[in-house]
Structures are given as C-alpha cells and as structure tokens.
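This is a predicted model, so every value here is computed, not measured. Atoms within each ligand, like the ligands themselves, are counted from 1 in listed order. All heavy atoms count here, side chains included; hydrogens, waters and symmetry mates do not.
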Amino acid sequence: MCKIIAIANQKGGVAKTTTTINLGVGLSKVGKRVMLIDADPQGHLTMGLGFPKNLRVTLKTMMENIIMGLEFDPREAILHHEEGIDVIPSNKLLSGMDMSLFTVEDREKVLKEYLELLENDYDYILIDCMPSLGMMTINALSAADSVLIPVQPQYYAADGLMELLKVVKGIHQRFNPDLQIEGILFTMDSSHYNNSKRNKQAVRDAYGAEIRIFDQTIPRTEALAETASEGVSIFSYYAKGKGAYSYQALVQEVLNHA
Ligand SMILES: Nc1ncnc2c1ncn2[C@@H]1O[C@H](COP(=O)(O)OP(=O)(O)O)[C@@H](O)[C@H]1O
Ligand SMILES: [Mg+2]
C-alpha cells in the first residue's frame, strides 16, 4: 500500500523542499519505491534535483487533464532521478492553478484523482507543498494520508503552527477524514543556542500532548545549505556529515510509524 505524505507549512524557508528530497531519497535507499511531487510553482524541488525549469509536461499539465476529463497517460510527466526516485516536476506555470481550480467541481480533489492513477507503483509519495494555504496546498492535504510539518525553532513558530493546524483540521472534517499528522519536525536547528531550546520547548508545551514531535531534529549545516544547488540529496553530496545522519534517522522514525 502506498502512503502519501504532504510536507507542508505556509511559512517559506523552513526546509519543506530539503526535507522532501532527503526523506524521499532516504526512503528509496532502504528499498522503498518513492515518488516526489513538486506542488510549488517556484519549482525548487524540480531544480534542486537538477531538472530544468522550462519543462513542457508538468504537474500542471497532468492536473489539467484531470480537470478536463481527458484520456491521458498519467506517467508522461514522470522524471527519473539518478538516486532512484521518481519526480513529477513543476514550474511557475503552476501558479495559475489556484485560479483554474476555482470554478472546478470537486476542486479540492484534483490532485488526489491524479495520484490515484500512480499510487499502485509506489510505497511512498511525498508532496512538497508551496508556502501558502491556497488551493494547491488544500489539494495536497486532501490527497494525503498524513502531513509532515517542518518547523524552524524560532520565536513565533508555535503561532504559525496554530493556523496550519486549523486548516488541517478543516480538511480532515470536510474532505479527508483519514488525514493524520505524521509529525512536527524541527529543522535548521542551532541547538547550541538557548533560544532554540526554548522555542522547541514552547512548541512541545503547546502541541506535544496531541501531536507527535519527531525525536530527531535536523541541524543547521553548511552541507545541507549547499545541496540545494547540487541536484542531488545530502546522501550523495556529503554522506558522512550530520545532515545525512539526521535525515537517515528521520527515515527510520517515519518507517517505524508506518
Ligand atoms: N538543515 C539545514 N541547514 C542549512 N540550510 C538549510 C537546511 N535545510 C534547508 N536549508 C536551506 O534553507 C533554504 C530553505 O530551505 P527549503 O528546503 O527550500 O525551504 P522551504 O521549501 O520550506 O521554502 C534553502 O536554501 C536550503 O538549502
Ligand atoms: Mg520549498
């Protein structure tokens, strides 16, 4: 059975894309069949894995086919990455999708319908969400079995989470009764700062009782910052560092939760 995980947080720069890539490649390294979906018109996942940004066939094309009820090959958009994962790419043309969806019947479920055509071929599908709570993110949450929430341990982190969790609750009630919270993942953590400890504790105090918080946190490292422009995961770029080690440990926690 395929598990679909949306990686979401309406805040930009909290390591959604970095986590999607490295959790995805990590899962594939232990033998899982993995598909990554770029659901952000910024196309960072697509470019971060070394693919060009002007591709003709993308997630947008696939979703348009669903909307128009056309017969189409759902695999046409799939790209194969050298580290063993498959990718559905996006680029800035996806930014029109929120508007196109506006008049569509069942507009929350277009991505879900598309992924249903692919899910038999994969053990995990990870959706890299855009930094907003618009229609594309709602589509991702409607399609997902669970949502993984990367959080940078900053002062206002607990506040931003409240808004996201409200949306998750709404989706759970209206469109996707099976949606679960995979967990909160602390990312870009500078744990030697007292502030970081305090901010993580604030999130634990506010949500730890009801929501799983991953034991593993992802440290801020130079190598993880650099991989964004290298077209590969941290496992290829710098396998011996603590960035790779921490994503490896996250993979184990996600597997244990399956
Ligand atoms: N653990 C980390 N340490 C250092 N830099 C990181 C780390 N995780 C992500 N980054 C960098 O921070 C920036 C934002 O990360 P990204 O994954 O693109 O966030 P998002 O998708 O949430 O906007 C990128 O330049 C990325 O390379
Ligand atoms: Mg991103």
Identity and separation of the nearest protein heavy atom to [atom]:
| atom | result |
| --- | --- |
| atom 7 (C) of ligand 1 | Met188 CG, 3.4 Å |
| atom 19 (O) of ligand 1 | Ala15 N, 3.0 Å |
| atom 26 (C) of ligand 1 | Thr18 OG1, 3.8 Å |
| atom 4 (C) of ligand 1 | Thr221 O, 3.1 Å |

Requested in this report: Report the part of Ala228 in contact with ligand 1, treating N, CA, C, O as backbone and CB onward as side chain, heavy atoms under 4.0 Å; options are side chain, backbone, both, neither.
Outcome: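 It is the side chain that touches ligand 1; the backbone stays farther off.
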Notebook entry, point to check: Which part of Pro150 is near ligand 1, with near meaning a heavy atom under 4.0 Å away: side chain, backbone, both or neither?
Noted result: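 Near ligand 1, Pro150 shows nothing, with every heavy atom at 4.0 Å or more.
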Is the shortest side-chain heavy-atom distance between Leu179 and Asp145 below 4.5 Å?
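Result no, sub-4.5 Å side-chain heavy-atom pair not found.
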Any side-chain heavy-atom pair of Leu133 and Ile138 under 4.5 Å
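The answer is no; the side chains never approach within 4.5 Å.
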Does ligand 1 come near enough to [X] that some N or O of the ligand is less than 3.5 Å from an N or O of the residue?
| X | result |
| --- | --- |
| Asp128 | no |
| Thr17 | yes |
| Lys16 | yes |

For residues Gln201 and Asp205, is any side-chain donor paired with an opposing acceptor at under 3.5 Å?
->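 Yes - a donor-acceptor pair under 3.5 Å links their side chains.
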* Salt-bridge criterion met for Glu119 and Lys112 (N-O under 4.0 Å) ->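 Judged by the 4.0 Å cut-off on N to carboxylate O distance, Glu119 and Lys112 do not form a salt bridge.
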Problem - Ion pair check, Lys200 and Asp189, cut-off under 4.0 Å - result: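 Looking at Asp189 together with Lys200, the answer is yes, because their closest N to O distance falls below 4.0 Å.
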key: Inter-residue atom distance Ile218.CD1 - Tyr247.OH, 0.5 Å rounding   =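 Between atom CD1 of Ile218 and atom OH of Tyr247 there are 4.5 Å.
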Provide the number and element of each atom of ligand 1 under 4.0 Å from a heavy atom of [X].
| X | answer |
| --- | --- |
| Pro219 | 1 (N), 2 (C), 3 (N) |
| Gly13 | 14 (C), 19 (O), 20 (P), 22 (O), 23 (O) |
| Val14 | 19 (O), 20 (P), 22 (O) |

**Message:** Could you report the tightest heavy-atom contact between Met62 and Ala77, atom names first, then the distance?
**Reply:**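 So the two residues come closest at CG-CB, 3.7 Å.
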At their closest point, which heavy atom of Pro131 faces which heavy atom of Asp40, and how far apart are they?
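Closest pair (atom of Pro131, atom of Asp40, distance): CD-OD2, 3.6 Å.
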Any non-hydrogen protein atom below 4.0 Å of [atom]?
| atom | answer |
| --- | --- |
| atom 2 (C) of ligand 1 | yes |
| atom 22 (O) of ligand 1 | yes |
| atom 9 (C) of ligand 1 | yes |

Q: Taking the six-membered ring of Tyr124 (Phe, Tyr or Trp), confirm whether the NZ or CZ of Arg33 is under 6.0 Å from its centre and within 45° of its axis.
A: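 No, Arg33 does not lie over the aromatic ring of Tyr124.
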Quiz item: With a cut-off of 2.8 Å, does any N, O or S atom of Thr20 fall short of it relative to the Mg ion (ligand 2)?
Solution: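 Short answer: no, not a single N, O or S atom is under the cut-off.
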- request: Return the option from Ser246, Gly12, Ala225 holding the heavy atom at the smallest distance from atom 5 (N) of ligand 1.
  value: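 Heavy atom nearest to atom 5 (N) of ligand 1 belongs to Ala225.
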Would you say Glu105 has more than 12 foreign heavy atoms packed within less than 6.0 Å of its CD?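 No, because the 6.0 Å sphere around CD of Glu105 holds 12 heavy atoms or fewer from other groups.
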Review point. Quick check: does any side chain N or O of Ser100 sit under 3.5 Å from a backbone N or O of Gly96, one acting as donor and the other as acceptor?
Key: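 Indeed, once roles are kept as given, a pair shorter than 3.5 Å links the two residues.
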